[in-house]
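A short worksheet on the structure shown next.
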Amino acid sequence: MKKVLISLLAVAVLVGGMYFASNSEPPKPVITIENKTVKVAQGSYCWNGLINAQCVDKISPPDLIKHHEIKTVVVSPGAELKIKFNRKPLENTLNASIWFSNNEVENAPLNENVLSVPKEKGVYIYSISAYWEKGSSSYVFIIEVK
């Protein structure tokens, strides 16, 4: 009986630790396009964890791409990019922007977590951001339309 109680306690501590660890930082998106997964870098965020709250300000999206050495994913013109989180953001808070080489930023229209990439050939750096009850976060990635 004592072994069973110790085993149950160990399982409870393990599950509780995993739950708190998974809620201590913003969820990371899974971004797919044409059966390819796009590598994403964490951008700036503010997050309220169980023990602490923190805001982290990161460098610009183009600099994050360079710093993390993120490779471009080649896609077709007008392809649909799907954004999925394991924890759904608050309704109507997911936004996307395109960063241009001169650091100009333009909103990119999203429709139900789906983004249509440009039809013009070129390299595009995207920034997405969202809000949850515990805070907000941004992410960056890069594609090339060929």
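Any value given below was found using the heavy atoms of this structure, including those in side chains, with hydrogens, waters and symmetry copies removed. Because the structure is predicted, anything quoted here is derived from the model rather than measured.
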Taking the side chain as every heavy atom from C-beta outward, state whether Tyr45 and Tyr139 have any pair of such atoms under 4.5 Å apart.
-> no
Please tabulate, for the side chains in residues 55-68, all donor-acceptor contacts under 3.5 angstrom to protein atoms that are two or more places apart in sequence or on a different chain.
unit_1	atom_1	unit_2	atom_2	d
Asp57	OD1	Ser44	OG	3.0
Ser60	OG	Asp63	N	3.4
Ser60	OG	Asp63	OD2	3.1

Lys39 vs Lys71 side-chain heavy atoms within contact, under 4.5 Å | no
Determine whether Ile31 and Leu81 make a side-chain contact, defined as any pair of heavy atoms from C-beta on separated by less than 4.5 Å.
-> yes
Out of curiosity, does Ile33 fall in the hydrophobic cluster containing Val145 (side-chain heavy atoms, cut-off under 4.5 Å, transitive links)?
-> yes
Donor + acceptor pair across side chains of Ser97, Glu106 (<3.5 Å) = no
Can you sort out the partners of Lys146 under side-chain contact (heavy atoms from CB on, under 4.5 Å), two or more places apart, ordered by chain and number?
-> Val74, Glu144
Nearest heavy-atom pair of Pro27 and Trp47: which atoms, and what distance?
-> CD-CH2, 3.7 Å
Quiz: residues 110-133 side-chain donor-acceptor pairs under 3.5 angstrom, not counting sequence neighbours:
unit_1	atom_1	unit_2	atom_2	d
Tyr124	OH	Glu120	O	2.9
Trp132	NE1	Arg87	O	2.8

Supply the atom-to-atom distance Lys134 NZ to Cys46 SG, rounded to the nearest 0.5 angstrom.
-> 14.5 Å
Atom NZ of Lys88 with >12 non-hydrogen neighbours under 6.0 angstrom = no
Would you say the side-chain atoms of Glu34 pair up with the backbone N or O of Ser76, donor to acceptor, closer than 3.5 Å?
-> yes
